[in-house]
Novice: 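What follows is a single structure, and I will ask about it in a moment.
Since the structure is predicted, the reported quantities are computational estimates derived from the model, not experimental observations. Proteins get letters first, then strands, A, B, ... in listed order; numbering begins at 1 in each.
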Number of protein chains: 2
Amino acid sequence: MTLLNTPAIRNIPEATVARLPVYLRALAALADQGLSICSSNDLASAAGVNPAKLRKDLSYLGSYGTRGVGYDIEYLRYHVARALGQTQDWDVVIVGVGRLGSALCAYNGFSSRGIRIAALVDSDPAKVGTKVGGLTVAPMSKLRSLVREHGVAIAVIATPGGAAQEVADALVAAGITSILNFAPAVVSVPDDVTVRKVDLSIELQILAYHEQRVRGVAG
Amino acid sequence: MTLLNTPAIRNIPEATVARLPVYLRALAALADQGLSICSSNDLASAAGVNPAKLRKDLSYLGSYGTRGVGYDIEYLRYHVARALGQTQDWDVVIVGVGRLGSALCAYNGFSSRGIRIAALVDSDPAKVGTKVGGLTVAPMSKLRSLVREHGVAIAVIATPGGAAQEVADALVAAGITSILNFAPAVVSVPDDVTVRKVDLSIELQILAYHEQRVRGVAG
DNA sequence: CCGATTTGGTGCGCACGTTCACAAACTCCT
DNA sequence: AGGAGTTTGTGAACGTGCGCACCAAATCGG
């Protein structure tokens, strides 16, 4: 009934999931320093969070520390990576090979984190067939077959805002169930599809708001 | 005592501030459709949120709607933009002119949202002096004078992770008080400096986690 | 073998954010 | 003018997440 080796993979709070990759990176940094054991204090400061929050987050995955000692870095790394699903590689398709799409292709921080860029797609005929970062840009019409062929579940939208909804519809039709949207537009998808949105100008606008606040107090 | 024209500019919840730019963009889209009035339902669906949440969010800025009628789009636009500090332009300096930094330079969604890229800085001597998007790349040594000259308060870190902390220290020393960090690293800054972090691979890892969850249920 | 110390795990109270439901206010029609 | 229909604004309930503080377990030293 209860599998001791695969504890509670379920019910990890969303806020915790968002921090797990940070912990993973902090663990990698500590390992690079030659350490093999670390306390929750060490790891928390490397990850920039409260030690209590760190321990509570890790407790959702199971009990992988040793009281009085700390955490075995490699052991914990394995289990955090496992919880995030990094025991396998995830193939990703990028739609839109403009400057941002090209920058994403060239980013070399993906492969070490279980992310593999499997295909590039663009609607511009002038871009189709060109090579970007070792991959040949395919037309939108090939989307469905590419997704099926590589078993792609995750897609990135890096198009202008006006094309985002149309692209999202095509992705859903092709069988994609997770979308990372860089386009400055709200896209609506069925309930069984997850969308995360990253908007560069919104982030700057939020910072500007805070700047304005302190300016207002100052003068 | 109470200025009726500048209501409660203070005490807007953080979650609401993060949504205001989305509302602003939705308002712009509705205006482009030739509309001059919209209900909270219209605006909420354009912004992809719950109507009740939208109304509560807007209520933090003041009462800019008319019961029984809806919101005057241009009037509301002005007041949301004002709350976000878009009555003035904000100069931004980008540190790191790699592929991501270049992509940011070329992004034309900034200028219409009160964001102006004022300067580019890079530590690579081979890049210093080259022109990217109409701006000449300056060396790190010019950072302080550039910040002072343009009155820059907001900076973007688009360097590799290893350089992020060093760059952040230099930015703080130059007088920057808001930082948008794209580098895959945790940077620590004094309490009076705001840092927002955008991490491309973390977003994909979160999506991979959710994919893994549904996969686990399926098989 | 025992106690002092270190360190992970967790229950509980607080604060924040979200949602609901309703009162207030405006328009329109008769 | 007045009532019916809309739509905003907001008080209150609910749920989630965060952080403190305490408990449990393992190590070290004598």
Novice: Determine yes or no for a side-chain-to-main-chain donor-acceptor pair under 3.5 angstrom, with Asn181(B) supplying the side chain and Lys197(B) the backbone.
Specialist: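 No, because the side chain of Asn181(B) does not come within donor-acceptor range (under 3.5 Å) of the backbone of Lys197(B).
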
Novice: Whole angstroms only, please: what is the CG-C1' distance between Leu54(B) and dT8(D)?
Specialist: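 Nearest whole value for this atom pair: 11 Å.
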
Novice: From the set dT19(C), dC18(D), dT7(D), return the single nucleotide nearest to any side-chain atom of Lys53(B).
Specialist: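 Nearest listed nucleotide: dT19(C).
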
Novice: Test your reading of the model: is there a side-chain donor-acceptor pair from Trp90(A) to the backbone of Gly85(A), 3.5 Å cut-off?
Specialist: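 Yes, the answer is positive, given that a donor and an acceptor are paired below the 3.5 Å cut-off.
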
Novice: Please report the distance, rounded to the nearest Å, between NZ in Lys56(B) and P in dC20(C).
Specialist: 13 Å

Novice: Determine whether a donor-acceptor pair (N or O, by modelled atom type, separation under 3.5 Å) exists between the side chain of Asp169(A) and the backbone of Glu166(A).
Specialist: no

Novice: Using whole Å, what does the distance between atom P of nucleotide dG15(D) and atom CG of Asn11(A) come to?
Specialist: 16 Å

Novice: Got a donor-acceptor contact below 3.5 angstrom from the Ser39(A) side chain to the Asp42(A) backbone?
Specialist: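 Checking the backbone N and O of Asp42(A) against the side chain of Ser39(A), a donor-acceptor pair under 3.5 Å is found.
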
Novice: Let me know the distance between CD1 of Ile37(A) and P of dT6(C), rounded to the nearest Å.
Specialist: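 That distance rounds to 17 Å.
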
Novice: Ignoring the backbone of Ser63(A), work out which of dG9(D), dA12(D), dG9(C) is nearest its side chain.
Specialist: dG9(C)

Novice: Extract from the structure each pairing of a protein N or O with an N or O of nucleotides 27-30 of chain D at less than 3.5 Å, listing the distance.
Specialist:
none

Novice: State whether Asn50(A) places a side-chain N or O below 4.0 Å from either non-bridging phosphate oxygen (OP1 or OP2) of dC20(D).
Specialist: yes

Novice: Report the residue from Val92(B), Val152(B), Asp91(B) that forms a side-chain contact (heavy atoms from CB on, under 4.5 Å) with Arg116(B).
Specialist: Asp91(B)

Novice: Considering only dT18(C), dG17(D), dG8(C), which nucleotide approaches the side chain of Ser39(A) most closely?
Specialist: dG8(C)

Novice: In whole angstrom, what separates Tyr64(B)'s OH from dA25(C)'s C1'?
Specialist: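 Tyr64(B) atom OH is separated from dA25(C) atom C1' by 18 Å.
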
Novice: What is the distance from CG of Leu61(B) to P of dT8(D), rounded to the nearest Å?
Specialist: 15 Å

Novice: Salt bridge check, Arg25(A) against Asp199(B): does any charged N sit closer than 4.0 Å to a carboxylate O?
Specialist: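 Salt bridge between Asp199(B) and Arg25(A), a charged N being under 4.0 Å from a carboxylate O: yes.
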
Novice: Please check: side-chain N/O of Gln165(A) versus main-chain N/O of Ser188(A), any donor-acceptor pairing under 3.5 Å?
Specialist: yes

Novice: Within the distance-only criterion (no hydrogens, no angle test), does the side chain of Asp89(B) pair as donor or acceptor with the backbone N or O of Ile115(B) below 3.5 angstrom?
Specialist: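 No, Asp89(B) side chain to Ile115(B) backbone: no donor-acceptor pair under 3.5 Å.
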
Novice: Figure out the CG/C1' separation between Asp57(A) and dG8(C), and round it to whole Å.
Specialist: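 Rounded to the whole Å, the gap is 14 Å.
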
Novice: Please determine, for the side chain of Arg55(B), which listed nucleotide (dG8(C), dT8(D), dA12(D)) has the closest atom?
Specialist: dT8(D)

Novice: For nucleotides 2-4 of chain D, tabulate all protein N/O to nucleotide N/O atom pairs closer than 3.5 Å, reporting atom names and distance.
Specialist:
none

Novice: Is the backbone N or O of Ile12(B) less than 3.5 Å from a side-chain atom of Thr16(B), with the two atoms forming a donor-acceptor pair by type?
Specialist: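 It does not hold such a pair.
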
Novice: Hey, would you say the Tyr64(A) and Tyr71(A) ring centroids sit under 6.0 Å apart?
Specialist: no

Novice: Nearest-nucleotide wise, let me know which of Glu14(A) and Ser59(B) is further upstream toward the 5' end of DNA chain D.
Specialist: Ser59(B)

Novice: If only side-chain N and O atoms of Tyr71(A) are considered, is one of them under 4.0 Å from the OP1 or OP2 phosphate oxygen of dG9(C)?
Specialist: yes

Novice: In whole angstrom, what separates Asn41(B)'s CG from dG9(D)'s C1'?
Specialist: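 Going from CG in Asn41(B) over to C1' in dG9(D) covers 15 Å.
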
